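Input: a single structure, listed below in structure tokens.
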Amino acid sequence: MLEIKNLHARIADDGTEIIRGLNLRVKAGEVAAIMGPNGSGKSTLSYILAGRSDYEVTEGDILYNGESILELDPSERAAKGIFLAFQYPVEIPGVATMQFLKVAMNEQRKARGEEELKTPDFIKLVKEAAGSLQIDPAMLKRPLNVGFSGGEKKRAEILQMKLLAPKLCVLDETDSGLDIDALKIVSDGVNALRAPDRAIIVITHYQRLLEHIVPDSVHVLYQGQVIKSGDKSLALDLEANGYAQIIEAAA
Amino acid sequence: MNMQTKPPRTQAEQALLDSFAEKVGQLPGDAKVTIARDRLLSAITEAGLPTRRIESWHYTDLRSLLRGVPGKSGGAARALEPLVSGTVVWPVVQGVAANPSAPEGVELTPFMDLLASGEAAGMLAARGADDLIGQLNGAFAEDGYSFSVSADQAIEEIIELQSVQAGGQVHNRFVAGFGSRAKATVIERHLGHKGESGLSSSISTLEIEDGAEVTWIILQGRGESDQHLGQLSARLGADATLKLFVINAGGKLVRQEVHVDVAGEGAHFDLRCVNLLAGDSHTDVTLTLGHAVPHTTSKEIIRNVVLGRARGVFQGQIRVAKEAQKTDAQMACNTLLLSDEGEFAAKPELEIFADDVVCAHGATVIDIDHTHLFYLMARGITDKSARALLVNGFVDELVGELENEDLVEALETLIEQWLVDHG
């Protein structure tokens with residue numbers, strides 16, 4: 001489903017290279033965890049997948065279902081089924097959450113040549129999805145993410161993911177700022193989305209999240225490269241021994 | 001000898017004098033009214049239209065901006081549906097009021113009757129030598145409404161003062177009184193028909209007694225070649241509240257003045273203003289706000305969206321008298337500048353003579369926030385739709401403060417439509 005080949009990327013503004021020859025393959029149905037110390041390029045990778053223009057790809061390619069997505073803008077990537085759950089969801093004053101959800105769902109449908117959702121159907125879908133994530137309907141009347149607590153923001157991201165039903169989900173540090181109850185709700189939400197035709201990339205700093213969302217593969221990112229890949233036992237190994245050993249072995 | 005030479009009359013100045021000469025016999029009013037009109041007109045004749053050398057007109061040089069004063073009569077206009085269904089509409093069609101019914105607890109008189117009887121003579125006065133709108137409107141005022149809401153009356157229905165114009169000249173007056181503890185919501189709506197360009201002036205005078213709560217919405221949607229000069233003056237008694245919304249979404253040359261005296265202790269004044277500016281229009285909102293007594297509050301938020309070659313102006317003057325301790329006055333002017341050729345001038349002015357007050361003002365100019373844009377696009381919303389959502393959000397934030405949900409929805413629809421038409 002996703003193939004990243006020898007990817008090099010830098011910050012557009014100052015030319016700092018962050019991703020330095022990264023290779024990664026994720027199959028449909030797979031849950032892949034990307035771990036790594038601070039500054040290894042985890043969040044940058046997620047932004048590049050989503051198409052943020054602050055980063056520039058200088059070499060290599062990203063293939064999604066066999067096609068390069070480098071020339072697509074973020075909305076085109078989203079319409080093709082790529083979704084990024086943000087580490088820091090953006091607060092947008094003046095734009096009501098419900099209105100945002102409706103526009104997003106309908107724009108994606110339009111891009112795929114499908115009919116727009118009727119309002120009652122839309123409301124029903126949102127209510128069901130919100131209920132399963134224990135989201136208070138009153139929250140959806142508020143401006144997007146404005147005044148939401150850390151946990152509410154993360155739950156709102158998963159709600160969007162549920163409603164947009166993407167094929168490739170990238171979760172960037174979704175566990176940061178969550179207490180144990182919220183972590184459980186969010187993880188259950190993600191696990192419910194596991195499907196044979198969907199891939200999920202979980203970016204995290206800690207092993208904790210992977211107890212709830214059990215990965216099929218684990219990849220260690222360091223200085224913009226994947227330096228080691230393995231199965232879920234690699235995450236436990238990292239938890240016990242830290243990154244130093246692996247970094248040393250790779251050097 | 002020192003000779004002062006007056007600049008030659010502009011075409012617009014001459015056209016104003018000509019149309020007065022032509023209409024003076026037909027304008028309503030007794031002898032006192034006629035004298036007041038003459039006095040106001042001669043003030044204009046003497047000084048000419050204000051230029052940038054007059055401080056209050058510094059950013060709106062009317063002498064060079066006012067173009068093509070049309071003859072008195074225009075085309076055929078007709079009243080439109082109210083902004084919010086179920087609203088009481090008091091129409092003023094091509095400058096002439098009707099004889100509509102009023103809700104219980106409201107006394108209503110066409111302004112023309114007050115002119116005819118001479119009762120309005122005292123109202124035909126300028127605020128000062130630089131009050132061109134007061135002079136012009138006073139000289140030409142023809143009709144409008146005078147109404148008063150009885151003490152302790154809460155008027156459930158929204159009252160819509162609807163001025164519709166199809167070219168020509170229109171000069172309206174609205175005189176509103178709100179008795180102690182009365183409650184009401186009034187929409188002052190100015191509409192233009194497509195086609196011929198018109199000149200209009202409109203003055204509203206609000207007397208808000210102790211404890212009354214008034215929401216007043218000025219919705220200016222004149223035609224794109226129209227010139228509109230509006231003025232609202234209000235006086236607030238003790239514990240009275242005025243929530244004033246101004247939305248400018250039309251006109252080629254627009255000046256809306258707001259003059260408020262917070263004269264009673266415990267009174268509160270709110271101004272929320274949305275200026276939607278496009279084309280090569282010029283729109284000026286000028287506020288003077290006086291806090292005269294202790295323990296009063298005010299908050300003004302002005303949000304501007306500038307497209308094309310549009311120019312906008314906000315002048316906000318807050319005066320806090322020496323006695324007015326514990327005043328809390330906040331003013332903010334935020335502009336979303338979406339065009340390289342557009343411009344917006346903000347001039348906040350604080351004159352504070354009391355020493356125990358909280359007063360603040362700020363002005364910002366921003367572009368679309370790229371992080372916001374990326375977030376929306378990452379959810380599949382196209383660049384164009386995402387920008388429209390963000391621009392909407394920028395101004396909807398103010399509209400959302402209104403309590404009446406139907407009104408909020410109507411205004412949001414109107415703003416959305418304007419952005420679709422001009423974006």
Side-chain angles (χ1 to χ4, degrees), chain A residues 12-13 46-55 72-97 99-112 141-146 153 156-157 159-161 163-166 170 172, chain B residues 245 247 272-276 301-305 332 334-336 338 364 366-403 405 408-409 411-420 423:
Chain A
D13 265 358
S46 74
Y47 283 143
I48 290 170
L49 286 172
R52 189 167 183 149
S53 60
D54 304 53
Y55 301 96
L72 303 180
D73 80 19
S75 68
E76 292 166 324
R77 294 182 195 200
K80 282 189 182 289
I82 299 176
F83 181 95
L84 167 63
F86 283 62
Q87 181 179 6
Y88 302 108
V90 180
E91 297 191 2
I92 306 188
V95 177
T97 308
Q99 185 199 8
F100 158 76
L101 290 173
K102 194 171 178 193
V103 173
M105 288 171 80
N106 280 332
E107 290 250 335
Q108 288 207 14
R109 295 172 83 94
K110 212 162 67 184
R112 292 194 293 257
K141 289 187 180 163
R142 303 219 301 263
L144 185 56
N145 291 324
V146 176
K153 280 181 184 165
E157 291 290 289
L159 172 70
Q160 292 172 34
M161 191 161 100
L163 291 170
L164 295 169
V170 182
D172 186 9
Chain B
F245 274 77
I247 298 181
R272 300 291 180 273
C273 176
V274 172
N275 292 312
L276 303 174
I301 305 176
I302 291 85
R303 292 265 166 107
N304 315 296
V305 176
N334 314 115
T335 302
L336 193 54
L338 298 175
T364 61
I366 53 164
D367 192 358
I368 295 274
D369 184 317
H370 281 84
T371 307
H372 290 176
L373 192 62
F374 171 62
Y375 186 79
L376 295 178
M377 287 181 73
R379 296 300 177 251
I381 301 172
T382 59
D383 182 74
K384 190 170 190 274
S385 305
R387 283 173 193 275
L389 262 182
L390 292 172
V391 175
N392 254 310
F394 176 69
V395 290
D396 277 358
E397 240 189 313
L398 300 193
V399 174
E401 290 184 26
L402 282 163
E403 276 154 31
E405 277 188 32
V408 170
E409 207 181 306
L411 292 174
E412 282 179 352
T413 306
L414 183 137
I415 289 169
E416 208 175 305
Q417 191 56 47
W418 188 93
L419 291 168
V420 168

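Worth saying up front: this structure is predicted, and the values here are computed from it rather than measured. Numbers restart at 1 for each chain; the letters A, B, ... are given by sequence-line order, proteins then strands.
- When heavy atoms are compared at a cutoff of 4.5 Å, A:Leu101 does not approach chain B at all.
- Residues B:Thr371 and A:Arg52 form a side-chain contact, since some pair of their non-hydrogen atoms from C-beta on lies under 4.5 Å apart.
- Side-chain atoms of B:Arg379 never come within 3.5 Å of backbone atoms of A:Ser75 as a donor-acceptor pair (strictly under, hydrogens ignored).
- Heavy atoms of A:Gln99 lying under 4.5 Å from chain B belong exclusively to its side chain.
- Of all non-hydrogen atoms in B:Gly380 and A:Ala78, the two that sit nearest each other are N-CB, 3.2 Å.
- Ranked by heavy-atom pairs under 4.5 Å with chain A, the list B:Gly400, B:Ala386, B:Ser385 is led by B:Ser385.
- In terms of heavy-atom pairs under 4.5 angstrom with chain B, the leader among A:Ala79, A:Pro93, A:Pro166 is A:Pro93.
- Between B:Phe374 and A:Val90 the shortest side-chain heavy-atom distance does not fall below 4.5 Å.
- A 6.0 Å sphere centred on CD of B:Glu401 holds more than 12 heavy atoms belonging to other residues, nucleotides or ligands.
- Residues B:Tyr375 and A:Asn145 are in side-chain contact: their nearest non-hydrogen atoms beyond the backbone lie under 4.5 Å apart.
- For chain B, no part of A:Ala111 is nearby; none of its heavy atoms comes within less than 4.5 Å.
- Counting heavy atoms of neighbouring residues, nucleotides and ligands inside a 6.0 Å radius, atom NZ of A:Lys80 does not exceed 12 of them.
- Heavy-atom pairs under 4.5 Å with chain B peak, among A:Glu157, A:Met161, A:Glu91, at A:Glu157.
- Of the residues considered (B:Leu398, B:Asn392, B:Leu390, B:Leu376), B:Leu376 shows the highest number of contacts with chain A, using heavy-atom pairs under 4.5 Å.
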